[in-house]
Amino acid sequence: MASASSSSVVTRFAPSPTGFLHIGGARTALFNWLFARHHGGKFLLRIEDTDKARSTKGAIDAILDGMHWLGLDWDGHEYYQSQFWARHADIARRLVERGAAYRCFMTQEELAAERAEAAAERRPFRIASPWRDCAPGTPTPDAPFVIRLKAPHDGETIIDDRVQGRVTVQNAELDDFILLRSDGTPTYMLAVVVDDHDMGVTHVIRGDDHLNNAFRQQAIIRAMEWPEPVYAHVPLIHGPDGAKLSKRHGALGVDAYRDELGLLPEAVSNYLLRLGWGHGDDEIIAREQAIEWFDLDHVGKSPSRFDFKKLENLNGHYLREADDARLADLIAPRLGISDAQKTLLARAMPELKARAHTLNELADGARFFFADRPLKCDEASAALLTPEARALLAAAHGRLGALAEWDAASLEAAIREVAEGSGVKLGKLAQPLRAALTGRTTSPGIFDVLALLGREESLARIADQMVEPKE
RNA sequence: GGCCCCAUCGUCUAGCGGUCCAGGACGUCGCCCUUUCACGGCGAAAACACGGGUUCGAUUCCCGUUGGGGUCACCA
């Protein structure tokens, strides 16, 4: 285990591998990562596979993959909580020895009865185990038992949370929760405290849903007389409707943000950073800048809603900033094109990426370059190909065929000439030309399209549309 | 329901007693640019939940109401 250096910051991200790395977890990871990097400390990764039945290899891979994609590298190897069960059990025993915990032999039936009684009297259920205060040496049944924390009944517990502020709870609210299950495995509550301590974690930055757990965990920490970490409970992310983030919203794995929504990691990362944290009026914040600026003081206290529109807008920004060859590589699989075609794609990228917000849109906009002749025109573009338009295309074809230089500037001059010569505005020729060349009504600038497509392909596509198809 | 937390434009947020008839961004709506669509530029509408205090003065501090969220397992 990492040695606990007293002065430097150690954070951790501790996902449970029961699904994918969801967006809330990704933000928690990002905050932990940024905080550690900002302070020149360490960022550790611990897989909380305490619940063996629900933990899967696939889920673990998905988490690691998501972290890599977002550029969140952790220091050292990843930890697996299940490897430390012996240590957890040992701490549980020591807690019993210290009189801070006890073996509870209550059966499920006895527990259920207590619960039912509480429900009948309409009072909150809080376990009252007869085993809590039995004298040492009391004979114990030869039966399964759990180890419960002897939670304090009096006084109050205070957590000075770096995000939520000072939070106080009456100790009477705390119950004797289970530390060690009857099968000898630790519960999350015990494991998290022991591991955080052993890993030297100084700052626990996690979702707000753990705030209530912090009080219980603190009870264990105090019983062991361990140093208390600094807590920072970050508000949760909600769906657009304010309700808990569901599958329908954005509770997708980060892999879906990449593969299905076609987003760039830098965009997702920037968006997540600004969700719940702010730095004045700054919106576009690069990674290095984020490391320099990030702090816990400016993390908001209220939950925020997920806004896909803003994420998309941000993605559009990063798309325009991205390297052309990289983008070509990213969408080539979606287009199913050859390496040779990828070269053309990269050359077209400056024009293409200006009008896309996602990789999906980017691929859609690029598709016409690689379509087979004769092009299938969509409805709107087909409507443009009137007899008059076809005649203009024929005129353009003649002029273009005689062109010496096939570059955007020469092409523009030639096309403008044809339009003028025919007594029509440029648009009257440009739109049918677009239809013939791309099969669509929207595309990059038509002169760029001609230049990119090349003389042969361009002339062939125009020729295809010069006469109305039979049938 | 008990306990805990939260509350500025539709959304993300700036604001840490006067500089705020509240600033930025996304979204929306105009206009410009223009061969289309984008990009870009300019502009508009749009918020301090409500009620009490404290104060010379509250978006900022305190209390309550309302609304929202979290949590109450041998899950994590």
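Every chain is numbered from 1, with letters handed out A, B, ... down the list of sequences.
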For H298(A) and A14(B), is the shortest distance between a side-chain N/O and OP1 or OP2 below 4.0 Å? no
Does D281(A) make a side-chain donor-acceptor contact with the base of G23(B), cut-off 3.5 Å? yes
Nearest-angstrom distance from the residue atom CG of D307(A) to P of C9(B): 14 Å
Here's a test of your reading of the structure: between Q170(A) and A356(A), which maps to the more 5' nucleotide of RNA chain B? Q170(A)
Give the residues of residues 439-455 of chain A touching RNA chain B, defined as any heavy atom closer than 4.0 Å, sorted by residue number. T441(A), T442(A), S443(A), P444(A), G445(A), I446(A), F447(A)
For G40(B), the Watson-Crick or wobble partner whose two distances fall under 3.5 Å: C32(B)
Is there a donor on the side chain of R305(A) or the base of U11(B) sitting less than 3.5 Å from an acceptor on the other? no
So, with a heavy-atom separation below 4.0 Å from RNA chain B, the residues of residues 407-418 of chain A are R416(A)
Quick one: list whatever passes side-chain contact (heavy atoms from CB on, under 4.5 Å) with V163(A), sequence neighbours left out. D161(A), A232(A), P235(A), V299(A)
Just do the side chain to side chain contact (heavy atoms under 4.5 Å, CB included) check on W131(A) and M106(A) with the steps written out, would you? CA-CA 8 Å; W131(A) 302 95; M106(A) 282 180 82; 4.0 Å; yes
Determine, for Y271(A) and R274(A), whether the Lys NZ or Arg CZ falls below 6.0 Å from the six-membered ring centre while staying within 45 degrees of the axis. no
Give a yes/no on whether any side-chain N or O of N313(A) is located under 4.0 angstrom from OP1 or OP2 of G27(B). yes
R320(A) vs T168(A), nearer the 5' end of RNA chain B by closest nucleotide: T168(A)
Taking a pair to mean Watson-Crick or G-U wobble geometry with both distances below 3.5 Å, G10(B) pairs with C26(B)
Pair assignment for U54(B), Watson-Crick or G-U wobble, requiring both distances under 3.5 Å: none
Integer-rounded Å distance: A73(B) C1' and L190(A) CG: 16 Å
From CZ of F215(A) across to C1' of G70(B) the rounded distance in Å is 12 Å
Let's test your reading of the model: under 3.5 Å, does the base of C74(B) pair with the side chain of S182(A) as donor and acceptor? yes
